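None of these values were measured; they are calculated from a predicted model. Keep in mind that the numbers below use all heavy atoms, side chains included, and drop hydrogens, waters and symmetry copies. Order of the sequence lines fixes the chain letters, A, B, ..., with proteins taken first and strands second; residue numbering starts at 1 for each chain.
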2 protein chains.
Amino acid sequence: MFDNPQGARSLWCDGGMPTHDEPVADTGTAVGRARSRASHSLDSVLAEAVALLDESGVAGLTIRALAARLGGGPASIYWYVSGRDELLDMAADSILARVFASVQDVGGGDPVDDLRTIAVALFDAIVDRPWLGAYALRDTGTQPHSLRLYEKIGEQTMLLELTPTQRFNATSAVVGFVIGVAADMGHELPEEVVSGEVSREKYLDRATEAWRSLDPGEFPFIHHIVEEFAHHSDRAQFCAGLDLLLAGIRMQARA
Amino acid sequence: MFDNPQGARSLWCDGGMPTHDEPVADTGTAVGRARSRASHSLDSVLAEAVALLDESGVAGLTIRALAARLGGGPASIYWYVSGRDELLDMAADSILARVFASVQDVGGGDPVDDLRTIAVALFDAIVDRPWLGAYALRDTGTQPHSLRLYEKIGEQTMLLELTPTQRFNATSAVVGFVIGVAADMGHELPEEVVSGEVSREKYLDRATEAWRSLDPGEFPFIHHIVEEFAHHSDRAQFCAGLDLLLAGIRMQARA
DNA sequence: ACCTGAACACCGTTCAAGT
DNA sequence: ACCTGAACACCGTTCAAGT
(Lines give C-alpha, C1' and ligand atoms only; values in the text may rest on other atoms or scores of the structure.)
Protein backbone atom coordinates (compact mmCIF):
# COMPACT_ATOMS: atom_id res chain seq x y z
CA MET A 1 0.00 0.00 0.00
CA PHE A 2 1.40 3.43 0.57
CA ASP A 3 3.63 4.06 3.47
CA ASN A 4 2.84 6.56 6.12
CA PRO A 5 5.98 8.58 6.61
CA GLN A 6 5.23 9.73 10.09
CA GLY A 7 5.73 7.46 13.00
CA ALA A 8 3.35 7.23 15.91
CA ARG A 9 5.29 9.32 18.35
CA SER A 10 2.31 10.58 20.20
CA LEU A 11 1.93 10.71 23.92
CA TRP A 12 -1.69 11.75 24.01
CA CYS A 13 -3.06 9.72 21.16
CA ASP A 14 -1.87 6.22 21.63
CA GLY A 15 -3.77 4.29 19.02
CA GLY A 16 -1.74 2.37 16.48
CA MET A 17 -1.23 3.78 13.05
CA PRO A 18 -3.76 2.44 10.61
CA THR A 19 -3.05 0.56 7.46
CA HIS A 20 -5.21 -0.19 4.52
CA ASP A 21 -7.33 -3.26 4.50
CA GLU A 22 -7.11 -5.14 1.29
CA PRO A 23 -10.00 -4.27 -0.97
CA VAL A 24 -12.88 -6.66 -0.66
CA ALA A 25 -12.31 -9.66 -2.89
CA ASP A 26 -13.69 -8.90 -6.30
CA THR A 27 -16.62 -11.07 -7.10
CA GLY A 28 -15.89 -12.54 -10.44
CA THR A 29 -14.32 -9.68 -12.32
CA ALA A 30 -11.69 -12.01 -13.66
CA VAL A 31 -8.81 -10.00 -15.03
CA GLY A 32 -7.12 -11.39 -18.09
CA ARG A 33 -9.62 -14.14 -18.70
CA ALA A 34 -11.41 -13.34 -21.91
CA ARG A 35 -15.15 -13.04 -21.51
CA SER A 36 -17.81 -11.77 -23.78
CA ARG A 37 -19.67 -10.03 -20.99
CA ALA A 38 -18.46 -8.39 -17.81
CA SER A 39 -20.35 -8.79 -14.56
CA HIS A 40 -19.96 -6.60 -11.52
CA SER A 41 -21.68 -5.98 -8.24
CA LEU A 42 -22.03 -2.87 -6.14
CA ASP A 43 -19.43 -4.23 -3.74
CA SER A 44 -16.86 -4.83 -6.43
CA VAL A 45 -17.56 -1.44 -7.99
CA LEU A 46 -16.96 0.31 -4.67
CA ALA A 47 -13.93 -1.81 -3.79
CA GLU A 48 -12.33 -1.05 -7.14
CA ALA A 49 -13.24 2.61 -6.78
CA VAL A 50 -11.52 2.73 -3.40
CA ALA A 51 -8.45 1.03 -4.86
CA LEU A 52 -8.32 3.60 -7.63
CA LEU A 53 -8.73 6.45 -5.16
CA ASP A 54 -5.94 5.07 -3.00
CA GLU A 55 -3.63 4.77 -5.94
CA SER A 56 -4.22 8.02 -7.73
CA GLY A 57 -6.54 10.23 -5.75
CA VAL A 58 -9.85 11.82 -6.60
CA ALA A 59 -8.66 12.88 -10.04
CA GLY A 60 -7.67 9.28 -10.75
CA LEU A 61 -11.14 7.94 -10.20
CA THR A 62 -12.72 8.26 -13.61
CA ILE A 63 -15.73 6.29 -14.69
CA ARG A 64 -13.77 5.01 -17.64
CA ALA A 65 -10.76 3.90 -15.62
CA LEU A 66 -13.03 2.19 -13.15
CA ALA A 67 -14.91 0.40 -15.90
CA ALA A 68 -11.67 -0.71 -17.53
CA ARG A 69 -10.53 -2.14 -14.20
CA LEU A 70 -13.75 -4.06 -13.89
CA GLY A 71 -13.41 -5.29 -17.42
CA GLY A 72 -16.44 -3.59 -18.87
CA GLY A 73 -17.63 -0.42 -20.54
CA PRO A 74 -18.21 2.95 -18.88
CA ALA A 75 -21.96 2.71 -19.17
CA SER A 76 -22.09 -0.38 -16.99
CA ILE A 77 -21.14 1.68 -13.92
CA TYR A 78 -24.37 3.61 -14.19
CA TRP A 79 -26.35 0.56 -13.31
CA TYR A 80 -24.93 0.73 -9.80
CA VAL A 81 -24.54 4.44 -9.15
CA SER A 82 -26.30 7.49 -10.48
CA GLY A 83 -23.06 9.23 -11.38
CA ARG A 84 -19.56 10.07 -10.32
CA ASP A 85 -20.60 12.12 -7.30
CA GLU A 86 -22.65 9.34 -5.82
CA LEU A 87 -19.80 6.95 -6.52
CA LEU A 88 -17.45 9.15 -4.49
CA ASP A 89 -19.98 9.43 -1.68
CA MET A 90 -20.55 5.71 -1.55
CA ALA A 91 -16.87 4.87 -1.77
CA ALA A 92 -16.24 7.18 1.18
CA ASP A 93 -19.10 5.65 3.10
CA SER A 94 -17.74 2.18 2.51
CA ILE A 95 -14.61 3.22 4.38
CA LEU A 96 -16.57 5.00 7.08
CA ALA A 97 -18.34 1.72 7.64
CA ARG A 98 -15.04 0.19 8.72
CA VAL A 99 -14.21 3.18 10.89
CA PHE A 100 -17.58 2.86 12.55
CA ALA A 101 -17.07 -0.86 13.08
CA SER A 102 -13.73 -0.20 14.71
CA VAL A 103 -15.23 2.20 17.26
CA GLN A 104 -18.59 0.55 17.70
CA ASP A 105 -17.69 -0.82 21.11
CA VAL A 106 -16.09 2.36 22.38
CA GLY A 107 -17.95 3.71 25.39
CA GLY A 108 -18.32 3.14 29.08
CA GLY A 109 -15.16 4.97 29.98
CA ASP A 110 -14.70 8.65 30.56
CA PRO A 111 -16.94 10.25 27.92
CA VAL A 112 -14.34 12.78 26.85
CA ASP A 113 -11.70 10.08 26.51
CA ASP A 114 -14.10 8.01 24.44
CA LEU A 115 -14.81 11.04 22.33
CA ARG A 116 -11.10 11.36 21.70
CA THR A 117 -10.75 7.71 20.77
CA ILE A 118 -13.46 8.00 18.13
CA ALA A 119 -12.12 11.27 16.78
CA VAL A 120 -8.62 9.85 16.46
CA ALA A 121 -9.89 6.78 14.64
CA LEU A 122 -11.63 9.01 12.13
CA PHE A 123 -8.57 11.21 11.77
CA ASP A 124 -6.33 8.22 11.13
CA ALA A 125 -8.65 6.94 8.45
CA ILE A 126 -8.55 10.27 6.63
CA VAL A 127 -4.80 10.67 6.91
CA ASP A 128 -4.43 7.18 5.54
CA ARG A 129 -6.71 8.03 2.65
CA PRO A 130 -6.49 11.77 1.97
CA TRP A 131 -9.30 11.62 -0.58
CA LEU A 132 -11.67 10.83 2.30
CA GLY A 133 -11.23 14.36 3.63
CA ALA A 134 -13.45 15.88 1.01
CA TYR A 135 -16.13 13.19 1.09
CA ALA A 136 -16.37 11.87 4.63
CA LEU A 137 -19.35 12.96 6.70
CA ARG A 138 -20.62 15.10 3.89
CA ASP A 139 -24.17 13.95 3.50
CA THR A 140 -25.83 12.01 6.29
CA GLY A 141 -28.69 11.34 3.92
CA THR A 142 -26.64 9.50 1.31
CA GLN A 143 -24.00 8.16 3.67
CA PRO A 144 -25.53 5.90 6.31
CA HIS A 145 -22.25 5.42 8.11
CA SER A 146 -21.60 9.13 8.27
CA LEU A 147 -24.82 9.31 10.19
CA ARG A 148 -23.88 6.46 12.50
CA LEU A 149 -20.49 7.98 13.19
CA TYR A 150 -22.06 11.33 13.93
CA GLU A 151 -24.52 9.59 16.22
CA LYS A 152 -21.74 7.71 17.95
CA ILE A 153 -19.78 10.87 18.64
CA GLY A 154 -22.90 12.63 19.80
CA GLU A 155 -23.79 9.85 22.21
CA GLN A 156 -20.63 10.52 24.17
CA THR A 157 -21.72 14.10 24.75
CA MET A 158 -24.98 12.83 26.21
CA LEU A 159 -23.00 11.52 29.15
CA LEU A 160 -21.79 15.03 29.90
CA GLU A 161 -23.74 17.59 31.83
CA LEU A 162 -24.65 19.79 28.93
CA THR A 163 -27.78 21.20 27.35
CA PRO A 164 -28.99 19.65 24.09
CA THR A 165 -27.75 22.70 22.21
CA GLN A 166 -24.36 22.43 23.83
CA ARG A 167 -24.19 18.77 22.89
CA PHE A 168 -25.18 19.54 19.33
CA ASN A 169 -22.54 22.24 19.10
CA ALA A 170 -19.82 20.16 20.76
CA THR A 171 -20.47 17.25 18.42
CA SER A 172 -20.37 19.40 15.32
CA ALA A 173 -17.23 21.09 16.57
CA VAL A 174 -15.43 17.78 17.05
CA VAL A 175 -16.53 16.50 13.65
CA GLY A 176 -15.62 19.75 11.95
CA PHE A 177 -12.26 19.85 13.63
CA VAL A 178 -11.34 16.31 12.67
CA ILE A 179 -12.42 16.62 9.06
CA GLY A 180 -10.93 20.06 8.70
CA VAL A 181 -7.53 19.34 10.13
CA ALA A 182 -7.27 15.96 8.46
CA ALA A 183 -8.28 17.34 5.08
CA ASP A 184 -5.87 20.20 5.49
CA MET A 185 -3.00 17.87 6.28
CA GLY A 186 -4.00 15.57 3.47
CA HIS A 187 -3.91 18.04 0.63
CA GLU A 188 -1.12 20.08 2.03
CA LEU A 189 1.11 17.67 0.19
CA PRO A 190 1.32 18.72 -3.44
CA GLU A 191 0.99 15.41 -5.22
CA GLU A 192 4.67 14.75 -5.66
CA VAL A 193 4.77 13.57 -2.06
CA VAL A 194 1.57 11.57 -2.47
CA SER A 195 2.97 9.72 -5.42
CA GLY A 196 6.05 9.01 -3.35
CA GLU A 197 8.66 10.54 -5.61
CA VAL A 198 9.57 13.15 -2.99
CA SER A 199 9.83 12.18 0.64
CA ARG A 200 7.88 14.05 3.26
CA GLU A 201 11.14 14.99 4.95
CA LYS A 202 12.48 16.63 1.83
CA TYR A 203 9.22 18.45 1.28
CA LEU A 204 9.22 19.77 4.84
CA ASP A 205 12.84 20.81 4.42
CA ARG A 206 12.04 22.89 1.39
CA ALA A 207 9.09 24.56 3.07
CA THR A 208 11.20 25.18 6.15
CA GLU A 209 13.87 26.80 4.04
CA ALA A 210 11.34 29.11 2.45
CA TRP A 211 10.04 30.12 5.85
CA ARG A 212 13.50 30.80 7.18
CA SER A 213 14.21 33.17 4.34
CA LEU A 214 11.23 35.38 5.20
CA ASP A 215 11.78 38.77 6.77
CA PRO A 216 11.80 38.21 10.56
CA GLY A 217 10.37 41.66 11.12
CA GLU A 218 7.35 40.94 8.97
CA PHE A 219 6.93 37.32 10.01
CA PRO A 220 7.91 37.03 13.66
CA PHE A 221 5.56 34.14 14.34
CA ILE A 222 6.77 32.07 11.41
CA HIS A 223 10.31 32.46 12.66
CA HIS A 224 9.19 31.69 16.18
CA ILE A 225 7.82 28.29 15.22
CA VAL A 226 9.86 27.30 12.18
CA GLU A 227 11.88 24.78 14.16
CA GLU A 228 8.76 23.11 15.54
CA PHE A 229 7.39 23.02 12.02
CA ALA A 230 10.51 21.37 10.68
CA HIS A 231 10.19 18.44 13.06
CA HIS A 232 6.50 18.24 13.72
CA SER A 233 4.27 15.22 13.40
CA ASP A 234 0.88 15.88 11.86
CA ARG A 235 -0.70 13.36 14.15
CA ALA A 236 0.75 14.80 17.34
CA GLN A 237 -0.31 18.23 16.23
CA PHE A 238 -3.81 17.03 15.55
CA CYS A 239 -3.98 15.40 18.95
CA ALA A 240 -2.77 18.55 20.66
CA GLY A 241 -5.47 20.61 18.97
CA LEU A 242 -8.12 18.02 19.69
CA ASP A 243 -7.17 18.08 23.35
CA LEU A 244 -7.61 21.84 23.44
CA LEU A 245 -11.11 21.45 22.08
CA LEU A 246 -11.90 18.59 24.45
CA ALA A 247 -10.60 20.65 27.37
CA GLY A 248 -13.09 23.34 26.43
CA ILE A 249 -15.91 20.80 26.28
CA ARG A 250 -14.96 19.30 29.62
CA MET A 251 -14.82 22.74 31.17
CA GLN A 252 -18.26 23.59 29.86
CA ALA A 253 -19.64 20.38 31.30
CA ARG A 254 -18.33 21.33 34.72
CA ALA A 255 -19.70 24.86 34.75
CA MET B 1 -17.32 32.34 28.66
CA PHE B 2 -19.89 29.67 29.11
CA ASP B 3 -22.38 31.72 31.04
CA ASN B 4 -24.86 31.58 28.22
CA PRO B 5 -26.28 28.07 28.14
CA GLN B 6 -28.29 28.63 24.99
CA GLY B 7 -25.20 29.54 23.04
CA ALA B 8 -27.18 32.53 21.91
CA ARG B 9 -26.44 34.05 18.57
CA SER B 10 -24.13 37.01 18.32
CA LEU B 11 -23.25 37.49 21.92
CA TRP B 12 -19.84 36.05 21.26
CA CYS B 13 -19.58 36.68 17.57
CA ASP B 14 -21.03 40.06 16.89
CA GLY B 15 -19.75 40.93 13.47
CA GLY B 16 -22.30 41.73 10.80
CA MET B 17 -23.15 39.22 8.13
CA PRO B 18 -20.87 39.56 5.14
CA THR B 19 -21.81 40.33 1.59
CA HIS B 20 -19.90 40.10 -1.64
CA ASP B 21 -17.74 42.93 -2.75
CA GLU B 22 -18.15 43.76 -6.36
CA PRO B 23 -15.46 42.16 -8.48
CA VAL B 24 -12.58 44.45 -9.26
CA ALA B 25 -13.36 46.56 -12.31
CA ASP B 26 -12.19 44.73 -15.41
CA THR B 27 -9.38 46.53 -17.10
CA GLY B 28 -10.37 46.81 -20.68
CA THR B 29 -12.04 43.51 -21.51
CA ALA B 30 -14.73 45.32 -23.44
CA VAL B 31 -17.81 43.14 -23.69
CA GLY B 32 -19.83 43.41 -26.85
CA ARG B 33 -17.40 45.65 -28.65
CA ALA B 34 -16.00 43.71 -31.57
CA ARG B 35 -12.24 43.46 -31.47
CA SER B 36 -9.81 41.41 -33.43
CA ARG B 37 -7.66 40.70 -30.42
CA ALA B 38 -8.53 40.28 -26.75
CA SER B 39 -6.34 41.73 -24.04
CA HIS B 40 -6.40 40.69 -20.40
CA SER B 41 -4.36 41.18 -17.29
CA LEU B 42 -3.73 38.96 -14.32
CA ASP B 43 -6.10 41.08 -12.27
CA SER B 44 -8.94 40.79 -14.72
CA VAL B 45 -8.34 37.06 -15.13
CA LEU B 46 -8.59 36.56 -11.37
CA ALA B 47 -11.55 38.90 -10.96
CA GLU B 48 -13.46 37.08 -13.67
CA ALA B 49 -12.47 33.73 -12.19
CA VAL B 50 -13.83 34.79 -8.81
CA ALA B 51 -17.06 35.96 -10.44
CA LEU B 52 -17.42 32.61 -12.17
CA LEU B 53 -16.71 30.74 -8.95
CA ASP B 54 -19.29 32.82 -7.10
CA GLU B 55 -21.90 32.16 -9.73
CA SER B 56 -21.43 28.48 -10.35
CA GLY B 57 -18.88 27.02 -7.99
CA VAL B 58 -15.65 25.18 -8.60
CA ALA B 59 -17.14 23.05 -11.35
CA GLY B 60 -18.26 26.19 -13.12
CA LEU B 61 -14.78 27.60 -13.40
CA THR B 62 -13.52 26.13 -16.64
CA ILE B 63 -10.69 27.58 -18.63
CA ARG B 64 -12.95 27.81 -21.62
CA ALA B 65 -15.78 29.58 -19.79
CA LEU B 66 -13.28 31.99 -18.29
CA ALA B 67 -11.72 32.71 -21.65
CA ALA B 68 -15.12 33.26 -23.23
CA ARG B 69 -15.97 35.74 -20.48
CA LEU B 70 -12.77 37.60 -21.16
CA GLY B 71 -13.49 37.58 -24.85
CA GLY B 72 -10.57 35.44 -25.92
CA GLY B 73 -9.51 31.87 -26.54
CA PRO B 74 -8.69 29.25 -23.90
CA ALA B 75 -4.99 29.31 -24.62
CA SER B 76 -4.70 32.96 -23.64
CA ILE B 77 -5.30 32.06 -19.99
CA TYR B 78 -2.07 30.11 -19.90
CA TRP B 79 -0.09 33.25 -20.31
CA TYR B 80 -1.15 34.29 -16.80
CA VAL B 81 -1.42 31.02 -14.92
CA SER B 82 0.27 27.68 -15.32
CA GLY B 83 -3.01 25.78 -15.24
CA ARG B 84 -6.38 25.43 -13.62
CA ASP B 85 -5.01 24.47 -10.21
CA GLU B 86 -2.87 27.56 -9.96
CA LEU B 87 -5.82 29.62 -11.14
CA LEU B 88 -7.91 28.27 -8.27
CA ASP B 89 -5.12 28.91 -5.79
CA MET B 90 -4.60 32.46 -6.97
CA ALA B 91 -8.30 33.23 -7.10
CA ALA B 92 -8.59 32.05 -3.50
CA ASP B 93 -5.59 34.08 -2.48
CA SER B 94 -7.06 37.19 -4.07
CA ILE B 95 -9.98 36.89 -1.67
CA LEU B 96 -7.73 36.07 1.27
CA ALA B 97 -5.97 39.34 0.52
CA ARG B 98 -9.19 41.18 1.35
CA VAL B 99 -9.72 39.11 4.47
CA PHE B 100 -6.22 39.91 5.59
CA ALA B 101 -6.73 43.58 4.89
CA SER B 102 -9.89 43.56 6.99
CA VAL B 103 -8.11 42.14 10.02
CA GLN B 104 -4.74 43.78 9.54
CA ASP B 105 -5.32 46.21 12.37
CA VAL B 106 -6.74 43.68 14.80
CA GLY B 107 -4.58 43.39 17.90
CA GLY B 108 -3.87 45.14 21.13
CA GLY B 109 -6.90 43.78 22.89
CA ASP B 110 -7.22 40.49 24.72
CA PRO B 111 -5.21 38.07 22.55
CA VAL B 112 -7.89 35.39 22.64
CA ASP B 113 -10.58 37.86 21.67
CA ASP B 114 -8.44 39.08 18.82
CA LEU B 115 -7.87 35.50 17.78
CA ARG B 116 -11.61 35.06 17.65
CA THR B 117 -12.12 38.19 15.60
CA ILE B 118 -9.68 37.00 12.96
CA ALA B 119 -11.10 33.49 12.92
CA VAL B 120 -14.64 34.77 12.48
CA ALA B 121 -13.60 37.04 9.64
CA LEU B 122 -12.07 34.08 7.85
CA PHE B 123 -15.11 31.94 8.54
CA ASP B 124 -17.46 34.57 7.16
CA ALA B 125 -15.44 34.84 3.99
CA ILE B 126 -15.66 31.10 3.40
CA VAL B 127 -19.37 30.88 4.18
CA ASP B 128 -19.91 33.72 1.78
CA ARG B 129 -17.90 31.92 -0.89
CA PRO B 130 -18.13 28.18 -0.25
CA TRP B 131 -15.58 27.40 -2.97
CA LEU B 132 -12.97 29.05 -0.77
CA GLY B 133 -13.22 26.19 1.69
CA ALA B 134 -11.24 23.84 -0.47
CA TYR B 135 -8.60 26.36 -1.57
CA ALA B 136 -8.05 28.77 1.29
CA LEU B 137 -4.86 28.39 3.29
CA ARG B 138 -3.82 25.41 1.26
CA ASP B 139 -0.35 26.30 0.16
CA THR B 140 1.52 29.04 1.97
CA GLY B 141 4.14 28.84 -0.75
CA THR B 142 1.80 29.73 -3.61
CA GLN B 143 -0.61 31.83 -1.60
CA PRO B 144 1.14 34.80 -0.03
CA HIS B 145 -1.97 35.93 1.84
CA SER B 146 -2.52 32.47 3.28
CA LEU B 147 0.86 32.90 4.82
CA ARG B 148 0.09 36.39 6.12
CA LEU B 149 -3.17 35.25 7.63
CA TYR B 150 -1.48 32.30 9.29
CA GLU B 151 1.16 34.67 10.62
CA LYS B 152 -1.47 37.09 11.88
CA ILE B 153 -3.30 34.35 13.77
CA GLY B 154 -0.05 33.02 15.14
CA GLU B 155 1.03 36.43 16.38
CA GLN B 156 -1.91 36.52 18.76
CA THR B 157 -0.71 33.32 20.39
CA MET B 158 2.65 34.94 21.01
CA LEU B 159 0.95 37.19 23.53
CA LEU B 160 -0.13 34.15 25.51
CA GLU B 161 2.05 32.34 28.01
CA LEU B 162 2.71 29.28 25.93
CA THR B 163 5.69 27.38 24.61
CA PRO B 164 6.56 27.73 20.91
CA THR B 165 5.19 24.25 20.28
CA GLN B 166 1.96 25.10 22.04
CA ARG B 167 1.64 28.25 19.97
CA PHE B 168 2.29 26.32 16.78
CA ASN B 169 -0.32 23.75 17.72
CA ALA B 170 -2.89 26.29 18.84
CA THR B 171 -2.53 28.25 15.62
CA SER B 172 -2.88 25.20 13.45
CA ALA B 173 -5.87 24.07 15.49
CA VAL B 174 -7.66 27.37 15.00
CA VAL B 175 -6.92 27.44 11.29
CA GLY B 176 -7.95 23.81 10.87
CA PHE B 177 -11.12 24.35 12.80
CA VAL B 178 -12.18 27.38 10.81
CA ILE B 179 -11.46 25.86 7.44
CA GLY B 180 -12.92 22.51 8.39
CA VAL B 181 -16.18 23.73 9.83
CA ALA B 182 -16.66 26.37 7.16
CA ALA B 183 -15.96 23.92 4.35
CA ASP B 184 -18.27 21.40 5.94
CA MET B 185 -21.09 23.90 6.18
CA GLY B 186 -20.40 25.09 2.67
CA HIS B 187 -20.73 21.83 0.84
CA GLU B 188 -23.33 20.40 3.12
CA LEU B 189 -25.75 22.12 0.78
CA PRO B 190 -26.28 19.91 -2.25
CA GLU B 191 -26.16 22.43 -5.05
CA GLU B 192 -29.90 22.97 -5.29
CA VAL B 193 -29.67 25.31 -2.33
CA VAL B 194 -26.56 26.99 -3.69
CA SER B 195 -28.29 27.79 -6.95
CA GLY B 196 -31.17 29.18 -4.94
CA GLU B 197 -33.95 27.02 -6.31
CA VAL B 198 -34.56 25.46 -2.91
CA SER B 199 -34.47 27.60 0.20
CA ARG B 200 -32.23 26.69 3.10
CA GLU B 201 -35.30 26.41 5.31
CA LYS B 202 -36.93 23.86 3.07
CA TYR B 203 -33.71 21.90 2.86
CA LEU B 204 -33.33 21.85 6.62
CA ASP B 205 -36.96 20.79 6.93
CA ARG B 206 -36.44 17.80 4.71
CA ALA B 207 -33.31 16.72 6.55
CA THR B 208 -35.09 17.20 9.84
CA GLU B 209 -37.95 15.04 8.66
CA ALA B 210 -35.54 12.28 7.69
CA TRP B 211 -33.89 12.44 11.10
CA ARG B 212 -37.19 12.31 12.91
CA SER B 213 -38.13 9.13 11.11
CA LEU B 214 -35.05 7.29 12.36
CA ASP B 215 -35.39 4.63 15.02
CA PRO B 216 -35.05 6.42 18.38
CA GLY B 217 -33.53 3.32 19.93
CA GLU B 218 -30.75 3.24 17.37
CA PHE B 219 -30.28 7.01 17.09
CA PRO B 220 -30.88 8.49 20.52
CA PHE B 221 -28.54 11.41 19.96
CA ILE B 222 -30.06 12.41 16.64
CA HIS B 223 -33.46 12.51 18.30
CA HIS B 224 -32.00 14.40 21.22
CA ILE B 225 -30.81 17.26 19.05
CA VAL B 226 -33.16 17.20 16.08
CA GLU B 227 -35.01 20.28 17.29
CA GLU B 228 -31.81 22.25 17.73
CA PHE B 229 -30.77 21.15 14.26
CA ALA B 230 -34.04 22.32 12.76
CA HIS B 231 -33.54 25.86 13.99
CA HIS B 232 -29.79 26.20 14.19
CA SER B 233 -27.66 28.92 12.70
CA ASP B 234 -24.42 27.76 11.12
CA ARG B 235 -22.68 30.86 12.28
CA ALA B 236 -23.78 30.56 15.90
CA GLN B 237 -22.77 26.92 15.88
CA PHE B 238 -19.37 27.79 14.51
CA CYS B 239 -18.90 30.47 17.15
CA ALA B 240 -19.89 28.07 19.91
CA GLY B 241 -17.34 25.53 18.73
CA LEU B 242 -14.66 28.15 18.29
CA ASP B 243 -15.24 29.32 21.84
CA LEU B 244 -14.74 25.78 23.11
CA LEU B 245 -11.39 25.65 21.36
CA LEU B 246 -10.42 29.12 22.56
CA ALA B 247 -11.38 28.17 26.10
CA GLY B 248 -8.97 25.27 25.87
CA ILE B 249 -6.22 27.55 24.62
CA ARG B 250 -6.86 30.10 27.36
CA MET B 251 -6.79 27.37 29.95
CA GLN B 252 -3.46 26.09 28.68
CA ALA B 253 -2.01 29.59 28.83
CA ARG B 254 -2.97 29.81 32.49
CA ALA B 255 -1.56 26.46 33.52
C1' DA C 1 4.92 40.32 -25.06
C1' DC C 2 0.70 38.41 -25.62
C1' DC C 3 -2.93 36.23 -28.16
C1' DT C 4 -5.13 32.87 -31.95
C1' DG C 5 -6.39 28.44 -34.15
C1' DA C 6 -6.49 24.11 -34.14
C1' DA C 7 -5.53 20.02 -32.53
C1' DC C 8 -4.71 16.06 -28.94
C1' DA C 9 -6.17 13.24 -25.52
C1' DC C 10 -9.10 12.94 -22.59
C1' DC C 11 -13.68 13.42 -19.71
C1' DG C 12 -19.08 12.21 -17.72
C1' DT C 13 -23.33 10.88 -19.33
C1' DT C 14 -27.02 9.03 -22.29
C1' DC C 15 -29.54 5.61 -24.79
C1' DA C 16 -30.95 2.39 -28.04
C1' DA C 17 -29.80 -2.12 -28.56
C1' DG C 18 -28.37 -6.49 -27.13
C1' DT C 19 -28.47 -10.79 -23.95
C1' DA D 1 -31.69 -7.63 -14.87
C1' DC D 2 -27.57 -6.10 -16.45
C1' DC D 3 -24.25 -4.97 -19.94
C1' DT D 4 -22.48 -3.15 -24.83
C1' DG D 5 -21.50 0.28 -28.52
C1' DA D 6 -21.46 4.35 -29.98
C1' DA D 7 -22.34 8.78 -29.74
C1' DC D 8 -22.86 13.71 -27.65
C1' DA D 9 -21.14 17.50 -25.53
C1' DC D 10 -17.93 18.72 -23.16
C1' DC D 11 -13.08 19.19 -20.75
C1' DG D 12 -7.54 20.91 -19.79
C1' DT D 13 -3.50 21.54 -22.16
C1' DT D 14 -0.14 22.21 -25.91
C1' DC D 15 2.08 24.55 -29.66
C1' DA D 16 3.09 26.46 -33.91
C1' DA D 17 1.82 30.55 -35.83
C1' DG D 18 0.44 35.16 -35.84
C1' DT D 19 0.74 40.26 -34.33
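In this structure, A:L70 atom CG and D:dC2 atom C1' are separated by 14 Å, rounded to whole Å. Atom CD1 in A:I77 sits about 9 Å away from atom P in D:dC3, given to the nearest Å. Rounded to an integer number of Å, the gap from A:W79 CH2 to D:dT4 P is 13 Å. Per the geometry, CG belonging to B:D43 stands 16 Å off C1' belonging to C:dC2, to the nearest Å.
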Any N/O pairs under 3.5 Å between the protein and nucleotides 11-14 of chain D? List them or say none.
from, atom 1, to, atom 2, distance (Å)
D:dG12, OP1, B:I63, N, 3.1
D:dG12, OP2, B:I63, N, 3.2
D:dG12, N7, B:R64, NH1, 2.4
D:dG12, O6, B:R64, NH1, 3.0
D:dT13, OP2, B:Y78, OH, 2.8
D:dT13, OP2, B:R84, N, 2.9
D:dT13, O5', B:Y78, OH, 3.2

Quick one: which protein N/O atoms are closer than 3.5 Å to N/O atoms of nucleotides 17-19 of chain C? Pair and distance per line, please.
from, atom 1, to, atom 2, distance (Å)
C:dG18, N2, A:R37, NH2, 2.1

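When all heavy atoms of B:F100 and B:K152 are compared, the closest pair comes out as CE1-CB, 4.2 Å. Contact record, A:V45 with A:L66: O-CD1, 3.9 Å, taken as the closest heavy-atom pair. What you find for B:H223 and B:D215 is that their closest heavy atoms are NE2-C, 4.0 Å. Shortest non-hydrogen contact noted between B:A119 and B:V174 is CB-CG1, 4.1 Å.
Judged by distance alone, the side chain of A:T208 and the main-chain N or O of A:L204 form a donor-acceptor pair under 3.5 Å. No donor-acceptor distance shorter than 3.5 angstrom exists from the side chain of B:H40 to the backbone of B:G71, with no hydrogens or angles considered. Judged by distance alone, with hydrogens and angles left aside, the side-chain atoms of B:R84 form a donor-acceptor pair with the main-chain N or O of B:L61 at under 3.5 Å.
A stem is defined here as three or more consecutive Watson-Crick or G-U pairs, each with both distances under 3.5 Å; for DNA chain C these stems are C:4-8 with D:12-16, C:12-16 with D:4-8.
The shortest distance between the side-chain N/O atoms of A:Y80 and the OP1/OP2 oxygens of D:dC3 is below 4.0 Å.
Only the P atoms considered, C:dA9 is 22 Å distant from D:dA9, to the nearest whole Å.
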Identify every side-chain donor-acceptor pair in residues 144-151 of chain B under 3.5 Å, counting partners at least two apart or on other chains, and give the distances.
from, atom 1, to, atom 2, distance (Å)
B:H145, ND1, B:D93, OD2, 2.9
B:S146, OG, B:L137, N, 3.1
B:S146, OG, B:Q143, OE1, 3.1
B:R148, NH2, A:E218, OE2, 2.3
B:Y150, OH, B:S172, OG, 3.2
B:E151, OE1, A:F221, N, 3.3
B:E151, OE1, A:I222, N, 3.0
B:E151, OE2, A:F221, N, 2.9

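Within the 4.5 Å cutoff, no side-chain heavy atoms of B:V127 are placed close to those of B:R235.
Partners of A:E209 by side-chain hydrogen bond (donor to acceptor under 3.5 Å, both in side chains), not counting sequence neighbours: none found. Partners of B:S82 under the side-chain hydrogen bond (donor to acceptor under 3.5 Å, both in side chains) rule, at least two apart in sequence or in another chain, are B:E86.
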